[in-house]
Visitor: 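My questions all concern the structure below.
Given the structure is predicted, the values throughout are model-derived calculations rather than measurements. So that the names make sense, note that chain A is the first sequence line, chain B the second, and so on, each numbered from 1.
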Amino acid sequence: MEETKENYDLTPRVAPNLDRHLVFPILEFLQERQLYPDEQILKFKIELLNKTNMVDYAMDIHKSLYHTEDAPQDMVERRAEVVARLKSLEEAAAPLVTFLLNPNAVQELRADKQYNLQMLKERYQIGPDQIEALYQYAKFQFECGNYSGAADYLYQYRTLCSNLERSLSALWGKLASEILMQNWDIALEELNRVKEIIDSKSFASPLNQVQNRIWLMHWGLYIFFNHDNGRTQIIDLFIQDKYMNAIQTSAPHLLRYLATAFIVNKRRRPQLKEFIKVIQQEHYSYKDPIVEFLACVFVNYDFDGAQKKMKECEEVIVNDPFLGKRVDDGNFSTVPLKDEFLENARLFIFETYCRIHQRIDMGVLAEKLNLNYEEAERWIVNLIRTSKLDAKIDSESGTVIMEPTQPNVHEQLVNHTKALSGRTYKLVTQLLEHSQGQAAR
Amino acid sequence: MATIASMLASTQNPFPCFREPLYSRSRSVVFRSYLEPCGRRIRTIPRFIRACQPSDKVGGEGGSVSASAKSYHFGNELLSFASDNFLPLALVTGVGMGFANPTLGCLADKYSLSKFSTCGIFIISGLTLRTEAIGAAVKGWPLGIFGLASILLLTPSFSRLVMLFQLQPQELVTGLGIFCCMPTTLSSGVALTHLAGGNSALALAVTVASNLFGILTIPFWVSRYIAGGVGVSFPTDQLFRSLIVTLLVPLIIGKVIRESFKGFANFVDNNRKLFSRMNAICLSLVPWIQVSRSRSLLLSVEPKVFLAAIGIGILLHLSLLAFNALSIRILSGLSGDYNSKNSKGNGTAVLLVASQKTLPVMVAVVEQLRGAFGEPGLLVLPCVAAHLNQIMIDSILVNVWLRKSNASSSTDGGSDSEDESDIEEEIQEVQNNDINNRYLQDNSDDDDDTDTKRVIKPTKDKRFEEMTHTVEQMKNAMKINDWVSLQENFDKVNKQLEKVMRITEAVKPPTLYIKTLVMLEDFLNEALANKEAKKKMSPSNSKALNAMRQKLKKNNKLHEEEINKYREAPEVEEENEPEDEDDDDEEDEDEEDDDSKEAVTDEEVDETTDTRWETMLNKKDKQMEKLLSKDPKEITWDWVNQKFKEIMAARGRKGTARFDLVDQLTHLTKIAKTPAQKLEILFSVISAQFDVNPGLSGHMPIKVWKKCVLNMLTILDILVKYTNIVVDDTIEPEENETSKPADYDGTIRVWGNLVAFIERIDTEFFKSLQSIDPHTREYVERLRDEPMFLALAQNIQDYFERMGDFKAAAKVALRRVESIYYKPQEVYEAMRKLAELVEEDEEAEDAEEESGPISSFIVVPEVVPRKPTFPESGRAMMDLLVSLIYRNGDERTKARAMLCDIYHHALMDNFGTARDLLLMSHLQDNIQHMDISTQILFNRTMAQLGLCAFRVGMITESHSCLSELYSGQRVRELLAQGVSQSRYHEKTPEQERMERRRQMPYHMHINLELLEAVHLIGAMLLEVPNMAANSLEARRRVISKNFRRLLEISERQAFNAPPENVRDHVMAATRALTKGDFQTAFEVLNSLEVWRMLKNRDSILEMVKARIKEEALRTYLFTYSSSYESLSLEQLAKMFDVTEAQVHSIVSKMMINEELHASWDQPTRCIVFHEVQHSRLQSLAFQLTEKLSVLAESNERAMEARTGGGGLDLSSRRRDNNQDYAGAASGGGRWQDNNMSSGYGGRQGNNRSGYGGRPGQPRDWSGQNRGGGYASRAGSGNRGGGMQMDGSTRMVSLNRGVRT
């Protein structure tokens, strides 16, 4: 299984779509899971840090990796350079920063951006240069790992910035900072803000837009699997045509997360059918136990296969940096998502199984559900009691008997005709509009 | 001599010969030779010999060296004269030396050098004697026999006469007498016969025979005439023996050596000149030694007496000539074929040979006599003189003949040049035979040119004759004032004029014609002036007169210039004519020089024919040539530029032979002064080559095509080497841009468009494949040229990339893509190997070519590789090219590249990739607006995609790809693989032609049978269970109309014959499948022939089988479910030979999709069927709702038809309630036929559920709201597997472009 574990690790596919800093959590997770040799991960980290300003951190890692006390020369040099640059940027942004630090002054700012700019210029001699410096400073702060500072500055910057591109960049920066600070609520807000801009803004090329979406989806993964409401959000976001297209064209591995969300989330059942189709279509380009599990249950009705896949899914979830989040509960550390997933997956199997069966042996059912007989019975009784299942248990033969669900003819007829009135109504209004339009002309 | 040859070879190549395009025979030879490179190699050697030949002739004709030749032949003139008259000169030298210093000669005599020399002569004769020469002589046997008789029997009697002369010392006369008894000369007779254009083979034969027989007869005659007279006994047997030893034996030795060592024979043939020289030297040794020996005696002889002896000798020869001429004439007269050319040649040969007497034999005889008749020196002396004399006299005679015939031809004016050319031909032919006989036997070439000459020449003469005849008739008509016949004749003359002009390739009409025109005009004016006469004319006559007046007026306008010229100086014109002709003659010589050089350099040119034709060229071309055969040193840029402009001006003009233009320009490229100029001219060459074939339908001759490619490569060479030269077609370059030398610093702009050229070359290649019959070898050969094109394209692309012109590079890359995309990996591999192979060959050939003395001013090394480089796999190459195109191409280029890419992916069985590409590119949406060829490409791609889907087992996708292709009956037309006849609309010829032009070459075809099989099988697999499921409401859901129709037809048949074609097979399978008999169904399909077209046939059949089983199971369940209460899983699995898991999966799917009202009973592993019976009322209610929805739908459609273009806003509103409209949109397929735009709208409405849930194409990528997308009628496809790609299969109506 060692092999598959690595195969299922999506880090290499996910990482290119993330910010450098966002990769760290993943690496940390991997280090913890011991999927890869420590050294490899440390090297990765250094490589990653080399481009950032977190030189001290890089030095530490270097030391632990090579077990030396000396930092390499280039790192030392870089450190000096970083510090120098920080100084210069600080100076450049200083007027605005001092202004912003002054709560009285900040209160003078109004909702009108134009006014604010004007006011800043007149009263504080803060022009576009200083504002730009603020952005650079924020960026630098971010690179240094000072996310909260960066987030603050970027927020301020956005209120003053007039450049759309820059504004978007700032937003991205803010989002990253919030994610890194694990402020999931704010991060979600930021995410939606970014999404709005992406959807409304006209990009230079469609490809650009797709790329932006993919970034957004990847970054969002942090939020979705940490925020309470994230699993609904992820479905809502990913299932949108535009985002689904982006997934299909460039990032089919995201299907794993969507599939997981679907399984875990009961509220978005209606969209599942659509998603199944996508899975079928992308079958050739991406394979994943979680996705395959869905395919087994809903495409091939291969319940034994689904059973097997479920086990694999467990592995995958535990080893996935987004899904396998641990919660330390006293001495135990559990993966809450895993349990939830397994529970729901079982339900999936059972539901579908029941739909096509008239009579099921309890023993078999228990086996299929990975439960013992007693548990299974209890489980089913629970289901029947909460009227989730229209069935009866025949204790004598040890079977569950489904109540035949005859399609109601009246219901069918109503369904057929329900649409008609709406259609006709629409038609008439259209006709009227049309004639009016013509008359007006 | 060798210096001359080399000098001629090294001079600039003369003007390339004007070839006659109609001249198919010689061209075919050319092609053959090109195709068989080894043939060419052999040929180069004899060519080289020929190359120096014409200059010999110049000397031979008494120094009539042409003016132009003089300029650089001056110094060699003397030398060539000497070399030609080597024999007489050697003789004279020998005699002179003997006189001057006898001691050496006496010393030589002491060692009996003369014997060796005699032996030498005959060994050489034997060496040079060809067997076939003897054979050729047999044909002229009657005259030959006469010649022999004359030499051996008749002429010896002249010695009687000679002996009558009394001179002191008597030896002189006796010597002459013996001389008379001798057989003919060994070499000079034959040589002179060559010159005179006689049958030299016959001459040779006569020479050999008479010399052999002479051994027998000489002793007899000598003893009879001379010994008797002098009274000395004659040692016959001794003489005989010695003759055999010195003559026959060496001859035979020589011959044997020749026969046994082939290489030696070749050497001899190649160095014939040398051997004849040696022969002459040996010959001259004899008089030298003799004279040396008898010098003292000679000195004692009075000069007067000696002169008299010489006089007698001359007299003797003249009388011999007269005698022979007379007898030959009589003889020919008797046989009645005097006029034929052959007998004329034979006559010349016999006359010359029979009248000459040999000195060497005479010397031998005298040697043998050992002074029996007196001092041998004195005996020989007059004979030496006589020998010299006869050679002199005969050569003069030959010259006189030649001149006479020339004169006669020139007095005839342009109308009759037959004699001249005739004789020339003969000379040429003789030379060919003599010097190049090996050439004759090795190459059919010579045969060819003699043949063609015989065919072509008379036609030309005939035309002239006809014309002359007509003119005569006109004159007669004028005399009797018969305008009707005059008019008729005038028309006739005009027609003939065309023919004559065409044949002679002349721009100007012949003088005869102009003369006639003038005459007519005058006569007409006269007739018009004479009003009285006019009145008297008959009505028809006067009508003709009027018609004639108008015609003449019109006609004369065309020739106004010539007429005026003629009117100004009618005499001058006529007098000029012969002179011109003379000039022409000289030029001919000149040109032959040039030609021969050309021949060496240009393997294509069939020189003999060319010279032939050149004699008939008009003056204008001549001038051109004169200029072009200019001294290389005088050629300047200006001059070349001017020439170039002249030639270019002639382009496209009527009467300009296209091939000539190409040749002229090709020559200019060789003499171009600067690289830029060379480039400029090369561009024109290529344009001219494109012009060679004027029609749109025909293709460029393959030969020319290849040359064109080579030219393109040369252009690239130049461009790569001189990076400062820029090719551009947007700005008009300055006048003298190309004059800038190679080392000019700035950029030089040359007008041209490489992309257009390469595209044209590709198109021509395509066209040639279109028109060549694909079942011939020629087609295969042609296909082999593809690597050549690919190499060129690759080079051009590289060049563009280096230059940073990526747009152009993309265009070129597209061409490359288009020649690769349809090739599966195996074919690609084969091509790759072929390319390597071919190129090796070619390189060898190139090396061969290089060795030839080609030299042009601008020598361009082959910088550009001639070999295409292919990546390992076709996919890699495609990726490389396609990504370049995507980056840089324009819309159309990108679209086409994308289609090719998709096609290739499909070919490689990457269905997913191919489909994604297709969907992402939106090609289906806007393919309607593209040009037809792109639409065809799209159709091909769709077909291939369908096949691919089938191969990977995706039946639904496959079917939806192909269904639209088969919806009309026009698959062939849609794929451009043949023209399908349509019953309903006739095509105009224009349309048909257009369609033919679009056809795909055979090797690119998608197999239609396979396609049909795939489509029908797909349709069957989908439709059979569908029909079973909806047996009650069959009309409602039809997946494949086409299939349904076919099924109906086949069901209507009373009897079912065993299946023959694909359709029958599928129908038979369908019948079996409907009953759930999967085995029969599969067997029927398995027996299809087309499966062998598939690469992994077994696995595909396996897949088909599995699908058939599955569908059979489904069909069975649909059909018979009502008869069962329950069915066990096991039984089903056994019944259909499927695993239980599969059955379970299939059945579960059906249950979930509510296709089957049943559920599993898990403990018993059974399917329990639920009886769902609707009451009558209920089913009626269902029908009512059905009708209602149809009504609503039709309302909507009517509304949309009214609002027209409102389709798009309708759809935007519709998107709100997708689900509701899904059902309505299920009719989308039909809407589309009525109203395209509303069809779009309807489709867009439910694009969310469309295409198997790939919801909506990334519509917003391009920022605009496109209609269509890959929407489908998924509204109806509520089945789980209802992934349909209808939207993507929107096929293209080809005729839309043409008809509207």
Side-chain angles (χ1 to χ4, degrees), chain A residues 199 202-203 205-207 209-210 239-242 244-246 248-249 273-278 280-285 298-305 352-353 355-361 364-365 397 399 402 404 406-407 409 412-413 416-420 422-424 426-427 430-431 434, chain B residues 911-913 916 920 1141 1144-1149 1151-1152 1154 1157-1164 1168 1170 1172 1174-1175 1178 1181-1182 1185-1186 1188-1189 1192 1195-1196 1199 1202-1203 1206 1210 1213-1214 1217 1219-1221 1223-1224 1247-1249 1251-1263 1280-1281 1283:
Chain A
D199 289 347
S202 62
F203 280 87
S205 79
L207 211 61
Q209 199 168 15
V210 169
I239 205 73
Q240 285 182 38
D241 284 357
K242 295 161 188 173
M244 186 50 81
N245 278 322
Q248 283 179 305
T249 48
K273 209 166 183 178
E274 229 168 89
F275 181 61
I276 299 295
K277 279 178 191 158
V278 176
Q280 261 176 296
Q281 228 179 311
E282 294 305 317
H283 178 66
Y284 73 95
S285 62
F298 293 102
V299 181
N300 300 325
Y301 305 100
D302 175 7
F303 300 104
D304 294 332
T352 320
Y353 198 72
R355 268 180 75 189
I356 56 170
H357 279 83
Q358 193 188 30
R359 213 150 55 102
I360 308 165
D361 189 84
V364 178
L365 199 62
S397 57
T399 51
M402 307 291 148
Q406 286 290 351
V409 179
Q412 274 181 318
L413 280 176
H416 273 235
T417 43
K418 202 164 62 186
L420 280 177
R423 273 164 79 181
T424 318
K426 278 235 152 80
L427 202 63
Q430 261 170 34
L431 201 63
H434 186 68
Chain B
F911 179 75
T913 327
D916 285 357
M920 279 191 288
H1144 191 272
S1145 162
I1146 293 166
V1147 176
S1148 303
K1149 209 181 283 178
M1151 289 172 181
I1152 293 272
E1154 289 172 5
H1157 301 291
S1159 49
W1160 290 103
D1161 189 48
Q1162 196 264 328
T1164 51
V1168 180
H1170 308 298
V1172 185
H1174 290 174
S1175 67
Q1178 283 167 339
F1182 274 117
T1185 54
E1186 192 78 6
L1188 276 175
S1189 63
N1195 272 342
E1196 253 158 28
M1199 167 79 186
R1202 279 296 294 273
T1203 49
L1210 263 183
R1213 236 170 275 135
R1214 260 201 205 161
N1217 52 351
Q1219 298 304 318
D1220 296 2
Y1221 279 75
N1247 58 5
R1248 169 168 263 259
S1249 49
Y1251 183 43
R1254 171 163 247 185
Q1257 79 283 33
R1259 201 180 311 119
D1260 42 348
W1261 285 13
S1262 50
M1283 293 170 49

Visitor: Under 4.5 Å from any heavy atom of chain B, what part of A:L420 do you find: side chain, backbone, both or neither?
Guide: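 Side chain only.
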Visitor: With A:N300, which residues qualify under side chain to side chain donor-acceptor pair (under 3.5 Å), at least two apart?
Guide: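 With sequence neighbours excluded, A:N300 shows a side chain to side chain donor-acceptor pair (under 3.5 Å) to no residue whatsoever.
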Visitor: Under 4.5 Å from any heavy atom of chain B, what part of A:F303 do you find: side chain, backbone, both or neither?
Guide: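 Side chain only.
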Visitor: Apply side chain to side chain donor-acceptor pair (under 3.5 Å) to the pair B:D1161 and B:T1164, showing each step before the final yes or no.
Guide: CA-CA 6 Å; B:D1161 189 48; B:T1164 51; 2.4 Å; yes
Visitor: Can you find a pair of side-chain heavy atoms, one from A:I360 and one from A:T399, that are under 4.5 Å apart?
Guide: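 No. Closest side-chain heavy atoms not under 4.5 Å.
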Visitor: Does the side chain of A:I356 come within less than 4.5 Å of B:S1159's, by heavy atoms?
Guide: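 No - every pair of side-chain heavy atoms lies 4.5 Å or more apart.
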Visitor: Which atoms of A:F275 are under 4.5 Å from chain B, going by heavy atoms: the side chain, the backbone, both sets, or neither?
Guide: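 A:F275 has no heavy atom closer than 4.5 Å to chain B.
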Visitor: Is chain B contacted by the side chain of A:D302, its backbone, both, or neither, given a heavy-atom distance below 4.5 Å?
Guide: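 Neither part.
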Visitor: Answer with side chain, backbone, both or neither: which region of B:A1141 has an atom nearer than 4.5 Å to a non-hydrogen atom of chain A?
Guide: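 Neither part.
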Visitor: Check whether any side-chain heavy atom of B:W1160 sits under 4.5 Å from a side-chain heavy atom of B:V1168, and report yes or no.
Guide: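 Heavy-atom side-chain distance check fails, nothing below 4.5 Å.
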